[in-house]
Every structure is written in structure tokens, then in C-alpha cells.
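Heavy-atom basis, side chains included; hydrogens, waters and symmetry copies ignored. First the proteins, then the strands, lettered A, B, ... as listed; each starts at 1. Since the structure is predicted, the reported quantities are computational estimates derived from the model, not experimental observations.
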Amino acid sequence: MPPLLPLVELEADILILGAGGAGLLAALHATTINPRTKILIAVKGLLGQSGCTRMVQGGYNCVLNPNDSFEKHFEDTIKGGQFVNNQDLAWALVNDSPDRILELENKCGCLFDRNPDGTIHQKPFAGQSFDRTVHKGDLTGIEIMANLRDWTLEQENITVLQETRGLDLLTDTNGKVVGALLLNNRKGEFVSVKAKATLVATGGGATMYQISSPSLEKAGDGMGMAFRVGAEFIDMEMMQFHPTGLLVGKSIATGGLLEEGLRGAGARLFNKDGERYMERYSPDKMERATRDVVSRSSYMEIMAGRGTPSGGVLIDATHMGEKFLLDNFRGMVDRCREYGFDLLHSRVEVSPSAHYHMGGIRIDLNCKSNIDGLFAAGEDSGGVHGGNRLGGNGVADSIVFGARAGDAMAEYIRTAKAPGDVSTQARQLMEKWLAPLNREGGENPFKLRDQLERVMWRKAGVVRNGKDMAEAIPEIIEIREKIEQANGAGAPIYNAPWNEMINTVNLGVCAELLTRSAILREESRGAHYRQDFPEKNVKWLKNITVKPVNGDLKWDTVPVKFTRLKPPELIEQEKSLVH
Amino acid sequence: MATYQIRVARSGSDGATDSFTVELDHRMTVLDALFLIQREQDPTLSFRCSCRVGMCGTCAMRINWQPRLACQTRVLTLKADTIVVEPLAHLPVMKDLVVAMDPFFEQWKRVKPALHPDPKRDPKKLAVVPPTSEFGKQAQGKRDCITCGACYAACGIVGSNEEYLGPAAINKAMLRLMDPRDNAVDERLEELNDENGVWRCHTQFNCVAACPKGINLTDSIMKMKRSLLFPKKFHDKRNFVDNP
Amino acid sequence: MSARVINWYLQRVTGAALLFLLVLHFWVEHFTAEVRTPHGLTFAVIQQRFFHNPWFVAVDISFLIIALYHGLNGVRNIICDFSIVTKPMRNVVTVALILFGLGVAYWGIMAFVGNEHLNPLNPKGATVAAAR
Amino acid sequence: MTSAISLTIRKYSWKYAGNLAFWIQRLTGLGLVFYLILHVHTIHDLRDPAKFDAALATFSKPFFKLGEIFLLATVILHAMNGIRLTMVDMGVGLTKQRQVFWYFTIGLGAALLIAGALPMFIYGILRHQP
């Protein structure tokens, strides 16, 4: 007889899964609208100290300067996203972000870096026509999350379950989401929460790759859960790779980022033969080319056998001088030093590193998914960034759409009916998740996760082709089947193998959706690069959407609606038609 | 590659440690050692870690007696073949190296860590804070706190008096008190001026030695002690903001 | 300003004062001409001083009071460092230390005040002084 | 028992300079309070000149002179550390607190102790005439 863990039943108006920027902003906004809203937040790690908003280095893009304009920011975002963004969402991002920065500063107490005269400082960032990135040194995320956390701590209407992860969403007979089943790792108990509205904001699935930059507990949980209740996904093939993830041998720190600004300031990339290979790939822009181009070039060098023995390339910043580096990139110099690299006097090994999932749950302007009662925000949602995300738009996305979700949920719960009983369903799901805890023998979840990461890195990574990806599909499916039989035996509290098993289940979902989407998109656009289709194709100004229907995947391609900006190639095409 | 003996404190019996032998290269950290142990030798080992690059502050633990971030402690720099890894002191152990941060945050909450915006300010305007102003200067390095709890675990006073605010909370209170946008001056001053507030600090500097972010916490505490001689000045702090 | 700030501040001020007084004390009890005799410091020397320069007593008594304040405030700090000393207990400790301090101060002051041997008007005391 | 002691030591991680200074200040402070009370007790004997002189005679014996040197050491440690603490309170030398402790409190304190203790040792102990 397997040991049954206790099931704690809770009730709330709003359930928020994930407490990064999106989750906490949603709580903030819902509380502002009605301070008596009962909000329950489940965090996988410690409140405010886990997730990826915490790890933001660069900054937050917003239009504050009178010489800048929403139109310019919007245009940069759309051009960066290679015109497959949802333009309404992108416009909302651009439009809301200045208000949110005011809110972060004046309501939550963040203090971003200032100019000598005391006004806010905005730094330049790649791919932008104006200096509009608000930042706090190179640790912007800590400032945002620490202050949001402090705000949350003082709210009486908000209950926070720390080290509690979502397992599955609960639905009523109509398929409406009415809460979630959670696992409290701290107490070793299941928690079923009945809620009128549920927000998934747990972050994307970039950790499905061998070399990745996000925090470790991030595992596409929200997408996995939403997939299991039938949510629709968009742009799943779009995975951004950051060109300069630190390569620290076998250390877990591998993939941790060296800031983009380093290349912007003139750092050079070399292969193992000392060749400045960017000359071959992007002779005019060299290392200052966009993230996708540099990542791809580095990856190709490595794959062609011109990488270092441990599979990376070398970044060289020595020519900029000790003083310049210490003045401007102290954080990066220190980070290198922590792992025994000397950025000041020698070359440092870097590699492309999976960074941000542009795709995700398809949402509308109010962050509603296709399923009633289910909201998504932040990296869990897709469509805002299209084919490529600009540096500094990521945290803006989380904050802006977190807030929108908060507003929308506060409105939604006003009319929503109180959900019925969910304990039977919760108990069924609980038994499913309990199985690995009581299993004897079975697969090693750590090994399966490694296997998944390797498959994804080799076959559906920076540079893709149809043949490799077709090969990857059965491997992913095999891993997904095996992981269901994995061994998570041990104590019910802080059980690493059990949690890794759950992570891998969710990552498996993301991986399969990503790979299948990538096979469909027969062109190269933004972060998605196909060796067999290396050109951009005007026919592919479409989004690929997918949703599970009766145990099968229903694929669709939706033409992009150009509500505000048309791509130049389309304008050309129309011109030639007229003539 | 070199062989290290890692002695990890295990919950269960009191003070018991388990010894593991791991092979680590010269770039690897204590966190890597723990991951290797968890993956290959003993999956029941528990520890906390989120970002693994020194930003989240969840992997603080006592490494060879000193509170440190495991992800920032290269084994090579410890200059020892045997590494003793224990949970942070002064905090209840949940399992193995995982401690409950609740006592730390209970104190943190006492100083009202959130901004209590001044209703007289225009919320549509950003505060003007020249980096050369007093707040600007203090905010420079002191905002970097990642609430890892290393200072709390290093402080000798916390060891004998769990009601003491602790260095991190006082540092936070100082930043809020200096903040021109903030209004909760009296409440915070009351907590700081409590018998178990700033007055418990006896400048041991353990917090300064332990802080992985290099924040001079003793300096913050001393500033607060001195400021309490003239607490009125916090009410006048809005003077350097051109935003009525 | 609360009592705690004043206590903290006075602890520093009295510390500085004690430093000065201590040096003075050492000097007059060990190094002045009067005491650099084979007998060293004796009752007679003290009596002489007392009769000729009453400031000696004034300084000695203030030294005593400052030192007691500094010392007992320090003891109170040590006791309050332990959380087992709750708020009501702290008040008891404070009162007890004040009473103890007053007792010691009284004991010390009584060495000079109301001491018949140090009273110039007392023929017995004066005789001893004249005998030296 | 040993584990309890070692746990306590670890808890108060004495190896930091500031922590060592803290314990020095505590212990010397308590010692000086104790001495102060004894001292007041002796002074009170001024009410009985014979008893007072007898006490002073006892205190001029070499053993007590040695004790006096010890007292001097305690006073110097407490005072030098007190000066250091006051500097810390004023925000002076906060970033160099280890150096201030070792060079100022301990170094200069030792020099002062030798300067003060030497005459006491020579006149009070070596050339002591009963």
C-alpha cells in the first residue's frame, strides 16, 4: 500500500501559479482593484527569489523620453520579431510599459539607475532605435523582484505557498479551469485549490536544452499544465538563444550569461584557431549583429569542429583595457572570476545558451487563453515577441501582461460563479502523481532529463533541419513515455528525483510541441533557422498554433494580422501587383 | 580534476554528517559537488538552488564554518581537501541543507519593507534622485541585498536573541527611511529604536564578512544608530525631491 | 529622543570621560610626588589631599558615578542580548541594576562624606593629619 | 559535551576580527565592573584608617602588583577597543575594521601595556621592599 500524502483543500478568488514579475504584478493589480480579493500564490522556490525575472540583467524597455515614441518602440519590437508578432499584443506592451515603470517606482519602491541630474537613466540596447532601457546596474531583476516581494509580504489578502509547485489544473464538467492541484514540497503534502480564476505564470521551457540560461526550477510547468487541459499554443518553434552563455566545463553554472553589452562595447569572438569567424557570417556588423545571427554563427563554428575542446568559442575583451572593463562590466568580470576565468586578461569560453521561449499559450489582450477561467502571462504566453525578442522586452512583457492579467481576472471573478467540488478530481490526479514516489525500480529521471536536453540541443537547437527534427520526434516521445515510469522514490519533502520527474514530464510537452512546430515552419525567421530552408519566406507570415483535441494535436496556421505595421516585403509585393 | 571529500550535514540525527567523495575540476563550485552527489550518489540529499549564478540567494549555507553562497564558492579557493557543508545557523533546518527562512523574514517584515508611498506625491512622476544625494549614495551598493540570510546566520547576537532585527532588515529599513518617496517614517523608527532593534548590534562585523554581495551592513546599522539621535530629519527627507 | 538613544550615546561619552579620568586617577595614585615615597599611597596622603584640595573628592565621586553608569549599562546590554530576557524582565533588570548602582555609589561616597577621619573639624581626624 | 562547545564556538564564529573584539570587550568589561565593586569596597575602608593602611600594605605585595599589571592590561584592551568602537559608531574606518582592530587595538594597546607595565614590574616587583 503506497503511503498517501495528505491533501489540503483551499479556496481562493484568484490562484496565481508562479511568482515572477508576471505573477506578482497580477496580484498587485487584482489587489488594487479590490483589496479584499482573496489571492493565493504558489511559488516553486522562495517568494521573489526564484524564477527568471529575478535573473534579469539588462533592463526594461519603455518610452519615457519625449523624443522617443510608442511608434518607434513598436516598430523596433515588430522588426525584431520579424513581423510574426501579434501586433495588438505588441502595441499593448509598448503602450503599457511606461505606466508600469511608474507603478514599479512609485508604488512598489524600485529605484532604477539615475542620470547625474537625478532623472531616470535609459541605456542603449541591441536592436533599438532609441536609448530606452531602464535598468539598475546589471542586476535589474533583483531590484524588481525584491521590491515586489516586499510589497507582497505586507498584503493581508494574499496567501503565499512557498516551495509549492503546480501539478495539474482542475476543470469542471464544462472544461472550465476551476483551480489547480499543487504539491507542497516543504510539507510534503498535496494542495488542491479551488479558484474562480487561475493564472499560469511559471515561465518557459528553455531548460529543455543542454546549455540554457534560466533558473533551475523553471521547467515549462505552466505550459505543461495548460496543455493537459487543452489550451492552445502559438509560435512554439521560436526559442531564443543568447550568444554568450558562459561555458564552465561540467559545472552547473554553464549557460549563465555574459551580458550582451559586452559585445556591444566591442568584445570579439574567436574560434579555437584564433579566427574572428564573424567576418564570414556578418562582415559588416561583426559581433554587433543580432542575437540570433551571432548565436547561429557560433553554433556553426562549433559544429564544424572549430570550437574549443569543451564545445565553445572564445570571447575576447582584453583589448578594451582593464579600466574600461572594470568601470563598465564589473559584474561580468566578477562573475568570470568566480569560476576562475580572467575576463580582463584572457579569452573566456562561451557558447550559445537557450534563453527565452517566445512561443507559449495563445492569449488575447486580457491574457485569457482559449479555456474559460485560465489566464496566462509572461513567458508562458506567446505571440508578443514573434520570431525574436528584443533585449529588455522580456521583463517588460512579464510586467505589462502580468498587470493586464490581474486587471482582467479582477473583472472576471466579479461575475464568475464559485466553482463546485473538485476533491474527487484532485484525488485522482494526486494518485497519478503519487505513483513515482512509491515506485520500485524504474527509470532515473536525472538521466532522462539529460537525454532530453541532449536531443533537443543537437537536433532542434540553434540550427535546425527537417531530417534531424524528424529523428528527434520518436526520441522525445520515447523519453516522454519513459518519464511516466520514472522512479521518484524517497521522502515526500524536498524529493529531488520526484521533482525532476515532474519537470521532465512538462519539458517533454514543450519539447514535442517545439520540435513539431519547427518541422512545420519551412523557412528561416528570427530565432528559427532551418538549414534546409535558410531564407525568409513571405508565405510564412503566419503563426503556427496547436492545441490538443481528444488526445491528438490539432495544428493550424493563422495569417498574421497587420493591424498597425505591414512588413516591407508585403508592401513590395502589393506594389508589384498594382503595376 | 581533483578528489574532494565532502561532508554534508544531514537532518535526522543531530549533527550527523555523511561523507562523499567527488571528482571536481578547478572551476567547479560547492554547488556542483552537491549536484553531483544528488545525481550520482545519494538522491535523497536536499538543498536549495534557483539561479546558480549568485543572483537568487537561495543556496546560502555554511561551508567550512563560514556562511557563503554555494554557487559562488569554488572548491579550489577553499584550499582544503575536506569540505564541510552545513545548513545556515540560527534558522530551523527543514531537511539536510534546506533551512526555513521564516525567522529571517519575520524580522524583515517588522521594518515594513514595502514602500509606503507618500500620498502627497504625484504618482505619475518619477522621483528625482541625483546619485550624489544622500539617498542616491546610500542606495548605490546597499540595494544589492539578495536576502540570502548569510548575515543573519553569521550574526552572533541573532544566535542568542532571535528577536533581534538582524542586519539585513536594518539595512532595508535604512534604505526605505532615506527614500524620499516613502512615508512610513515613524513606524519604522519605532521598530529600529526597539530594545531588539538597532541597539542589539555590537558591531561584530560578522555580517560584513559573510555578505556575498559585499554590503557593509554594519555601516547601515551605525548610520541608523546615529540618525536616531536626530530622527526628525527623516521627516524632512522630501526636501531634495522637486516633486511636492 | 528615547532613553535607548541616550543610553547608547552616554555610553560613548562616559567612555571617553572615563579614559581621561582613569589616566588622571593612575597619575595621582601612582606617580605624584606625594605617593612616590617608600610608603606609597597611605591614608595620610588621602587625608592631606582631602584637607587641602577638596576637588580630589569631587573628581573621585564623579569618577565613581560615571564608572558605575558605564559598567552597569554594559552589564544591562549583555543581559538584554539574550532573548530569554523578556520585556517585563528587562524592566526588572533595569531597576535592579539602578538600585545596585545606587547602593555601590552610596557605599563609595560614604567613604568620604560623613567620615569622621576626613572631617577637618573633627579633632581626632585633624590630629592624625597633623601627626604626619 | 565537546560537540556542544564546538557548536557554540561555531555559532559565534570567533575567527572574524570584529567578533574577537566583541568578546574581548564583553569579558574585560565584566571584569572591570567586578573590580570596580571590589575597589569601592576597599575605598570604603577609609572610614577606618588602620584597616585601610593594612589593605594598602597587602596590595603592595608582588602578587598584587602582578594583578595590577593584569588590571592595566584589561583596562588598556577595554579602552583601546572602546576607542575603536566609538570610531565605528562615528563611521570612521568601517571598511578597514580588521586593520583597525589588529593594528590599533591590539598593536598600539600592546605597546601601551609594555610602557605602563615595565615601571610597575621594576618598582613594584623586582625592587619590592617588604
Side-chain angles (χ1 to χ4, degrees), chain A residues 45-46 48-51 54-55 64 101-103 105-111 113-120 136-137 139 141-143 146-147 149-154 163 186 214-217 246 248-253 256-257 335 338-341 446 489-491 493-497, chain B residues 25-29 31-32 35 38-39 43-58 71-72 74 76 94-96 98 100-101 105 108-109 112-115 117 121 123-133 136 139 143-148 172 176 179 181-182 242:
Chain A
L46 295 180
Q49 288 178 261
S50 55
R54 180 81 179 188
M55 291 178 75
L64 291 173
I101 217 77
L102 285 167
E103 206 171 337
E105 276 239 348
N106 290 336
K107 200 163 180 181
C108 307
C110 299
L111 182 75
D113 278 2
R114 292 297 202 260
N115 291 317
D117 65 352
T119 53
I120 199 155
K136 193 249 151 201
L139 299 170
I142 296 180
E143 180 72 6
N147 284 292
R149 187 255 331 270
D150 293 341
W151 176 86
T152 312
L153 283 178
E154 288 193 25
E163 296 182 292
R186 186 177 280 190
S215 66
L216 298 176
E217 76 269 295
L246 208 51
V248 201
K250 284 189 293 182
S251 170
I252 196 85
L257 299 182
R335 180 173 282 188
E338 268 152 33
Y339 305 107
F341 294 110
F446 297 116
I493 61 165
Y494 298 113
N495 183 330
Chain B
D25 70 24
H26 66 293
R27 298 205 192 284
M28 289 171 102
T29 61
L31 189 67
D32 288 317
F35 268 108
Q38 191 187 57
R39 266 146 207 255
T44 64
L45 177 70
S46 298
F47 54 91
R48 238 187 227 129
C49 165
S50 268
C51 77
R52 52 103 166 72
V53 283
M55 294 179 89
C56 71
T58 56
C71 65
Q72 288 194 324
R74 260 205 299 159
L76 186 80
M94 312 281 283
K95 185 167 181 257
D96 299 342
V98 183
M101 293 298 287
F105 279 107
W108 183 263
K109 273 194 251 180
K112 296 196 176 289
L115 183 81
R121 280 194 72 240
K124 292 287 164 207
K125 272 188 185 166
L126 291 173
V128 175
V129 184
T132 46
S133 68
R143 266 184 306 159
D144 290 346
C145 177
I146 53 171
T147 52
C148 63
K172 182 79 201 182
R176 287 293 186 229
D179 198 325
R181 303 164 297 179
D182 188 84
D242 62 351

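Judged purely by atom type and a 3.5 angstrom limit, A:R114 has no side-chain atom pairing as donor or acceptor with the backbone of B:V128. With hydrogens and angles disregarded, no donor-acceptor distance shorter than 3.5 Å links the side chain of A:R335 to the backbone of B:G54. Of the possible donor and acceptor atoms, one in the side chain of B:R27 sits under 3.5 Å from a partner among the backbone N and O of A:G340.
The contact between B:K172 and chain A is made entirely by side chain atoms (from C-beta outward), counting heavy-atom distances below 4.5 Å. Proximity to chain B is limited to the side chain of A:L64, based on heavy atoms less than 4.5 angstrom apart. When heavy atoms are compared at a cutoff of 4.5 Å, A:K250 approaches chain B by way of both its backbone and its side chain. If you measure heavy-atom distances from B:V98 to chain A, the contacts under 4.5 Å come from the side chain alone. The contact between A:E163 and chain B is made entirely by side chain atoms (from C-beta outward), counting heavy-atom distances below 4.5 Å.
Nearest heavy-atom pair across A:Y339 and B:T29 is CE2-CG2, 3.7 Å. Closest non-hydrogen pair, B:P131 versus A:G118, comes out as CD-N, 4.5 Å. Minimum heavy-atom separation, A:R186 to B:M94: CG-CE, 2.8 Å. Summarising the geometry of A:S251 relative to B:D32, their closest heavy-atom pair is OG-OD2, 2.6 Å, with the distance given to 0.1 Å. In terms of heavy atoms, A:A496 sits closest to B:P43 at CB-O, 4.2 Å. Closest non-hydrogen pair, A:L153 versus B:K109, comes out as O-CD, 3.9 Å.
Counting heavy atoms from C-beta outward, B:V53 and A:E338 have side chains that stay 4.5 Å or more apart. Residues B:F105 and A:L46 are not in side-chain contact: their nearest non-hydrogen atoms beyond the backbone lie 4.5 Å or more apart. Residues A:N106 and B:P117 fail the side-chain proximity criterion, which asks for heavy atoms closer than 4.5 Å. Between B:R143 and A:L139, the closest side-chain pair of non-hydrogen atoms is not below 4.5 Å. The shortest side-chain heavy-atom distance between A:E154 and B:P113 falls under the 4.5 Å cut-off. Side-chain contact between A:Q49 and B:M101 is absent, with no heavy-atom pair separated by less than 4.5 Å. A 4.5 Å side-chain heavy-atom check between B:R48 and A:E217 finds every atom pair outside the cut-off.
For the set A:D113, A:N115, A:L102, A:I120, the count of heavy-atom pairs under 4.5 angstrom toward chain B peaks at A:L102. Here A:C108 is the residue among A:A146, A:C108, A:A491, A:G137 with the most heavy-atom pairs under 4.5 Å with chain B. Contact count against chain A (heavy-atom pairs under 4.5 Å) is highest for B:T147 among B:D144, B:T147, B:L45. Chain B forms the most heavy-atom pairs under 4.5 Å with one residue out of A:G48, A:G51, A:C110, A:G141, and that residue is A:C110. The choice from A:I252, A:T119, A:L257, A:L246 that makes the most heavy-atom pairs within less than 4.5 Å of chain B is A:I252. With chain B as the partner, the residue from A:L216, A:I493, A:L111, A:I101 showing the most heavy-atom pairs under 4.5 Å is A:L111.
The distance from the OH atom of A:Y494 to the NZ atom of B:K95 is 10.0 Å, given to the nearest 0.5 Å. Here the straight-line distance linking atom SG of B:C51 with atom CZ of A:R54 works out to 8.0 Å at 0.5 Å rounding. Rounding to the nearest 0.5 Å places OG of B:S46 at 7.5 Å from CG of A:N495.
The residue from B:L115, B:L126, B:V129 that alone fulfils the side chain to side chain contact (heavy atoms under 4.5 Å, CB included) condition with A:E105 is B:L126.
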